[in-house]
There are 2 protein chains.
Amino acid sequence: MTTEDNILQHARAIFFRKGLAGARMQEIADYAGINKAMLHYYFKTKEQLFEKVFGQAFEVFAGKLAEIFSGDVNLEEMITAYVNHTVDSLTENPGIPVFVMNELSYNPARITQLFAGEEKINLGNFKELVEKKTQGKTDAEALFIDMVALCVYPFVIAPVFTKLLHKTDQQYKHLLQSRKVHVINQILSRL
Amino acid sequence: MTTEDNILQHARAIFFRKGLAGARMQEIADYAGINKAMLHYYFKTKEQLFEKVFGQAFEVFAGKLAEIFSGDVNLEEMITAYVNHTVDSLTENPGIPVFVMNELSYNPARITQLFAGEEKINLGNFKELVEKKTQGKTDAEALFIDMVALCVYPFVIAPVFTKLLHKTDQQYKHLLQSRKVHVINQILSRL
DNA sequence: GTCTATATCGGGATAGAC
DNA sequence: GTCTATCCCGATATAGAC
């Protein structure tokens with residue numbers, strides 16, 4: 001692994017947890033097993049290092065998402081693919097949603113950077129399929145919002161729900177997985 | 001209004017948007033129309049000022065929530081009350097969820113502070129009502145998670161969805177309101 | 001209680017040796 | 001490319017006059 005990748009990997013871990021303002025270059029250097037000067041050698045400033053991490057954060061989701069929603073498959077397959085992909089991605093990177101939302105709260109202008117990587121996502125296809133399938137009886141937009149909410153929110157609220165529902169971390173992780181089929185069923189039942 | 005309340009009000013606005021690490025005492029002082037020294041006179045340190053704001057953040061929700069879920073009403077009324085209260089509260093304070101989640105990400109230990117104010121929330125009553133009503137056919141826990149997700153997530157993701165769905169801020173605000181009846185219908189339809 | 005002025009320090013960034 | 005030493009600014013916090 002290159003030094004640059006090593007830095008990015010550990011910078012990601014720190015930035016995801018503490019955000020731009022809360023992260024310390026010293027801490028990133030320590031975790032990466034190098035010194036501060038090296039960070040500035042590879043990524044001129046903290047800001048630039050952050051931008052790299054932020055820009056990459058959504059690429060995990062975005063590329064595959066565009067593929068899923070533009071694919072030439074039927075609606076059931078599309079929904080199943082979305083839910084499975086989202087839950088799997090979040091299982092690997094549960095910190096991303098809060099990280100992104102928090103940074104957008106601090107700096108709303110950065111939303112352009114977010115859409116630069118995913119502006120290819122077009123819901124037109126999804127909407128059409130829903131309208132056709134339900135003969136206009138189901139609001140496709142509301143269905144989309146609900147689907148995303150049901151997938152993502154349980155990851156966002158994890159620490160609170162773990163405690164509120166009196167679960168161990170392991171039990172809650174299992175619950176998140178079991179929700180895949182649950183969410184798919186809920187959404188499909190509305191078609 | 002007392003000076004203390006004036007400080008808290010503006011500190012809340014800054015902390016909600018920028019978090020503990022990103023907020024600046026100078027900025028809070030400016031917005032409050034006083035100087036930095038006054039902040040330290042009323043709240044010894046930045047940390048203590050933040051704790052006050054953080055501790056109060058969930059009280060808006062918590063008190064009423066405990067009341068809703070322990071109330072001696074039927075299930076339909078309980079669900080309706082929860083959704084309306086949550087959406088109304090979030091409309092007034094849309095920044096709270098991201099603020100709380102971000103701080104928990106930075107400092108997981110603070111979750112105890114969160115539950116100190118809302119440990120009275122008991123879902124036992126809700127679960128019982130659901131089990132009875134559906135003769136055990138509906139998972140009450142999943143129903144609860146879904147209900148919260150459908151209410152809260154659209155507020156959390158607001159800036160992204162506004163852009164992704166090509167809406168104006170005003171249109172999205174309207175959509176959030178119209179979701180009250182939508183969410184209630186969705187949840188009730190599963191009983 | 002409210003202000004101005006200042007102490008103190010943490011942390012981003014750079015210089016320069018190797 | 002990698003390190004040590006250091007600069008320097010910004011931000012919290014305090015001292016002390018009024």
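All values derive from a computational prediction rather than experimental measurement. Both backbone and side-chain heavy atoms feed into the values below; hydrogens, waters and symmetry mates do not. Here is the naming used below: chain letters follow the sequence lines, and residue numbers restart at 1 for every chain.
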Chemist: Less than 6.0 angstrom separating the ring centers of B:F99 and B:F15, yes or no?
Modeler: no
Chemist: Looking at B:Y172, I'd like to know if the NZ or CZ of B:K167 sits under 6.0 Å from its six-membered ring centre while staying within 45 degrees of the ring's axis.
Modeler: no
Chemist: At a heavy-atom distance below 4.0 Å, which nucleotide of DNA chain D is the first touched by chain A, and which is the last?
Modeler: D:dG1 to D:dT4
Chemist: Measure across B:Y82 and B:M147 and return the closest heavy-atom pair with its distance rounded to 0.1 Å.
Modeler: CD2-CE, 3.6 Å
Chemist: Can you measure from CD1 (B:I187) to CG (B:L75) and round to the nearest 0.5 angstrom?
Modeler: 10.5 Å
Chemist: Got a sec, which residues hit salt bridge (charged side-chain N to carboxylate O under 4.0 Å, His left out) with A:R17, two or more places apart in sequence or on another chain?
Modeler: none
Chemist: Of A:N125, A:D72, A:V130, A:V83, which is the lone residue that meets side-chain contact (heavy atoms from CB on, under 4.5 Å) with A:M78?
Modeler: A:N125
Chemist: Pull out every residue in residues 41-55 of chain B that has a heavy atom closer than 4.0 Å to any atom of DNA chain C, ordered by number, or say none.
Modeler: B:Y41, B:Y42
Chemist: Could you give the CG-to-P distance, from A:D30 to C:dG12, as a whole number of Å?
Modeler: 12 Å
Chemist: Would you indicate what B:A23 reaches in the nucleic acid, counting non-hydrogen atoms under 4.0 angstrom: base, sugar-phosphate, or nothing?
Modeler: sugar-phosphate
Chemist: Sort me out a list of protein N/O and nucleotides 5-10 of chain C N/O pairs below 3.5 Å, or just none if empty.
Modeler:
none

Chemist: In whole Å, I'd like the distance from the CG atom of A:N35 to the P atom of C:dG11.
Modeler: 17 Å
Chemist: Keeping the roles fixed (side chain from B:E77, backbone from B:N74), state whether a donor-acceptor pair exists under 3.5 Å.
Modeler: yes
Chemist: Is the count of non-hydrogen atoms from other residues, nucleotides or ligands lying under 6.0 Å from A:Q170 atom CD greater than 12?
Modeler: no
Chemist: Mind checking B:M25 for me? I need base, sugar-phosphate or nothing, with any heavy atom below 4.0 Å counting as a touch.
Modeler: sugar-phosphate
Chemist: I'd like a table of donor-acceptor pairs (distance under 3.5 Å, sequence neighbours excluded) in which one partner is a side-chain atom from residues 35-43 of chain B, with atom names and distances.
Modeler:
| residue | atom | partner | partner atom | Å |
| --- | --- | --- | --- | --- |
| B:N35 | OD1 | B:A37 | N | 3.1 |
| B:N35 | OD1 | B:M38 | N | 3.3 |
| B:H40 | ND1 | B:K36 | O | 3.4 |

Chemist: Check ring pair (Phe, Tyr, Trp, His ring centres under 6.0 Å) between A:F161 and all other residues, then give those that pass, not counting sequence neighbours.
Modeler: B:F144
